[in-house]
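So that the names make sense, note that chain A is the first sequence line, chain B the second, and so on, each numbered from 1.
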Amino acid sequence: MPELAEVEFYRKQWDSGLRQKILSVDIHADKRVFRGTDIDLLRRTLAGATLLQSRAHGKQMLFCFSKGGWLGLHLGMTGKLRTESAAFVPVKHDHLVLRQKKQTLVFGDPRLFGRVLFERGTAAPAWWTNLPPGIFSAQFTLAACERFLKRHGKAPVKAVLLLQAGFPGIGNWMADEILWQSRLHPRGAAGKLDGTARKILFRETRFVAKQAMKIVGEDFSDLPKSWLFRYRWKKKGICPRCAAVLEHASIGGRTTCWCPECQVEN
DNA sequence: TACAATGTTTTAAG
DNA sequence: CCTTAAAACATTGT
């Protein structure tokens, strides 16, 4: 489910636990979300540690604890963070449960595509500091964006938007939205976009990301009725701009929705 | 029933 | 070594 803005929304769901101690840790140790993670270290470190701060970058989250604990979380397709009461009894898919005096911090993920990482150290882990420049960073420039498009020039532009190395935080719905707002066909080769198209794509990427952060990232409000998003999963969805019946196909390995009238190959 | 789901990783091929 | 495409992962809901 979660892309850039949804991840930001879920990150904040643990805010009520900031500056408070973790009393105990409950873990579904055999679940796939802990693949490659030192669960014993996680348990030992977090028990008795205080949650100091949290950050999100693209689809990645990092929670910083005292005792040098760094907890990385990725929500995969169906992961969620939430806060429950102190007396909360975990249910089936609550794989990581951090108990505090006044509340319980929960990470649940039915489909198990999410991931829990844990490291102990004085500085943030390398996987975090090495993340690519975010959409809103000064390094995310038109030139950098164009280099990335060129580098993946044979692939459909839809597939390139999904690559986290170049567009961190962009996922399936945001990629479709960006292409629709840019009036670009998702199947067009990234390397064949002309200068104007590349500029529009760059601008709309930042526009969609910024609006989504403001609307969804804040409190999970609904996106505007003027956006493709509101119609993309409807049975006979109509383009909110020209009223043409929307098309669907698998592009870049994901179901893609576009307007056959507005979005032309460039 | 069979298929698809707001994602990433692995594998294979060019 | 790099890019691209497809399969795999696990569960739920339509």
Side-chain angles (χ1 to χ4, degrees), chain A residues 1-11 13 28-37 56-61 72-81 91-95 107-117 127-128 130-132 135 147-181 186-192 205 208-209 211-213 215-217 220-224 227-237 246-258:
Chain A
M1 233 163 111
E3 305 179 18
L4 186 74
E6 291 89 351
V7 169
E8 172 60 10
F9 172 83
Y10 285 121
R11 178 192 68 79
Q13 301 311 299
H28 291 168
D30 57 329
K31 292 301 180 185
R32 211 177 91 98
V33 291
F34 294 104
R35 56 199 181 279
T37 305
H57 183 107
K59 298 176 190 172
Q60 307 281 348
M61 288 178 288
L73 288 176
H74 191 291
L75 298 173
M77 199 83 100
T78 52
K80 284 178 168 59
L81 297 190
V91 291
K92 190 172 179 186
H93 300 299
D94 295 337
H95 308 305
F107 164 65
D109 181 13
R111 213 167 147 189
L112 301 174
F113 290 174
R115 189 156 204 180
V116 179
L117 296 174
W127 67 260
W128 174 261
N130 292 337
L131 289 172
I135 304 288
R147 269 197 303 278
F148 193 77
L149 291 168
K150 178 81 73 165
R151 187 172 171 199
H152 299 280
K154 294 260 176 63
V157 60
K158 165 66 188 272
V160 179
L161 281 169
L162 292 174
L163 295 173
Q164 300 300 294
F167 297 91
I170 302 302
N172 204 30
W173 81 254
M174 290 185 84
D176 283 359
E177 191 68 44
I178 290 162
L179 291 168
W180 179 80
Q181 306 240 2
R187 200 125 47 189
K192 290 193 130 175
T205 296
V208 168
Q211 295 301 309
M213 284 295 256
I215 298 166
V216 177
F220 233 107
S221 295
D222 290 336
L223 293 164
W227 282 29
L228 175 71
F229 181 85
R230 299 283 291 265
Y231 313 89
R232 55 173 289 123
W233 298 127
K234 290 220 166 91
K235 279 272 186 299
K236 284 180 65 184
L246 297 170
E247 283 197 32
H248 297 86
S250 181
I251 303 175
R254 309 296 303 280
T255 298
T256 299
C257 175
W258 74 94

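Under the side-chain contact (heavy atoms from CB on, under 4.5 Å) criterion, A/Phe113 pairs with A/Arg32, A/Met77, A/Arg111, sequence neighbours left out. By the ring-ring contact (aromatic ring centres under 6.0 Å, His included) test, A/Tyr231 pairs with no residue at all, sequence neighbours left out. When the salt bridge (charged side-chain N to carboxylate O under 4.0 Å, His left out) test is applied to A/Arg187, no partner is found at least two apart in sequence or on another chain. Remark: A/His152 pairs with A/Phe148 by the ring-ring contact (aromatic ring centres under 6.0 Å, His included) rule, at least two apart or across chains. Looking at residues two or more places apart in sequence or on another chain, you find no side chain to side chain donor-acceptor pair (under 3.5 Å) involving A/His74. Taking the side chain to side chain donor-acceptor pair (under 3.5 Å) definition, one finds that A/Gln181 meets it with A/Glu177, sequence neighbours left out. For A/Arg11, the salt bridge (charged side-chain N to carboxylate O under 4.0 Å, His left out) partners at least two apart in sequence or on another chain are A/Glu8.
How far CD1 of A/Ile135 is from CZ of A/Phe167: 6.5 Å, rounded to the nearest 0.5 Å.
Rounded to whole Å, atom C1' of B/dG7 lies 15 Å from atom CG of A/Leu161. Between A/Trp233 atom CH2 and B/dC3 atom P the separation is 17 Å, expressed in whole Å. Rounded to an integer number of Å, the gap from CZ of A/Phe34 to P of C/dA10 is 15 Å. The distance between atom CG of A/Asp109 and atom P of C/dA10, rounded to the nearest whole Å, is 12 Å.
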Protein proximity profile, nucleotides 8-14 of chain B - base contact B, sugar-phosphate-only contact S, no contact -, cut-off 4.0 Å on heavy atoms: S------
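Taking only side-chain nitrogens and oxygens, A/Thr78 never comes nearer than 4.0 Å to OP1 or OP2 of B/dA5.
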Grab the N/O contacts between the protein and nucleotides 4-8 of chain C below 3.5 Å, and write none if there aren't any.
| unit_1 | atom_1 | unit_2 | atom_2 | d |
| --- | --- | --- | --- | --- |
| C/dT4 | OP1 | A/His152 | O | 3.2 |
| C/dT4 | OP1 | A/Lys154 | N | 3.2 |
| C/dT4 | OP1 | A/Ala155 | N | 3.2 |
| C/dT4 | OP2 | A/His152 | ND1 | 2.5 |

Which atom pairs link the protein and nucleotides 11-14 of chain C when you take only N or O atoms and keep those under 3.5 Å?
| unit_1 | atom_1 | unit_2 | atom_2 | d |
| --- | --- | --- | --- | --- |
| C/dT12 | OP1 | A/Lys92 | NZ | 3.3 |
| C/dT12 | OP1 | A/His93 | NE2 | 2.8 |

Enumerate, atom names and distances included, each donor-acceptor pair closer than 3.5 Å involving a side-chain atom of residues 251-258 of chain A, sequence neighbours excluded.
| unit_1 | atom_1 | unit_2 | atom_2 | d |
| --- | --- | --- | --- | --- |
| A/Thr256 | OG1 | A/Lys158 | NZ | 2.7 |
| A/Thr256 | OG1 | A/Arg254 | O | 3.1 |
| A/Trp258 | NE1 | A/His185 | NE2 | 3.2 |

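With pairs defined as Watson-Crick or G-U wobble and both atom distances under 3.5 Å, the stems of at least three pairs that touch DNA chain B come out as B:2-5 with C:11-14, B:7-14 with C:2-9.
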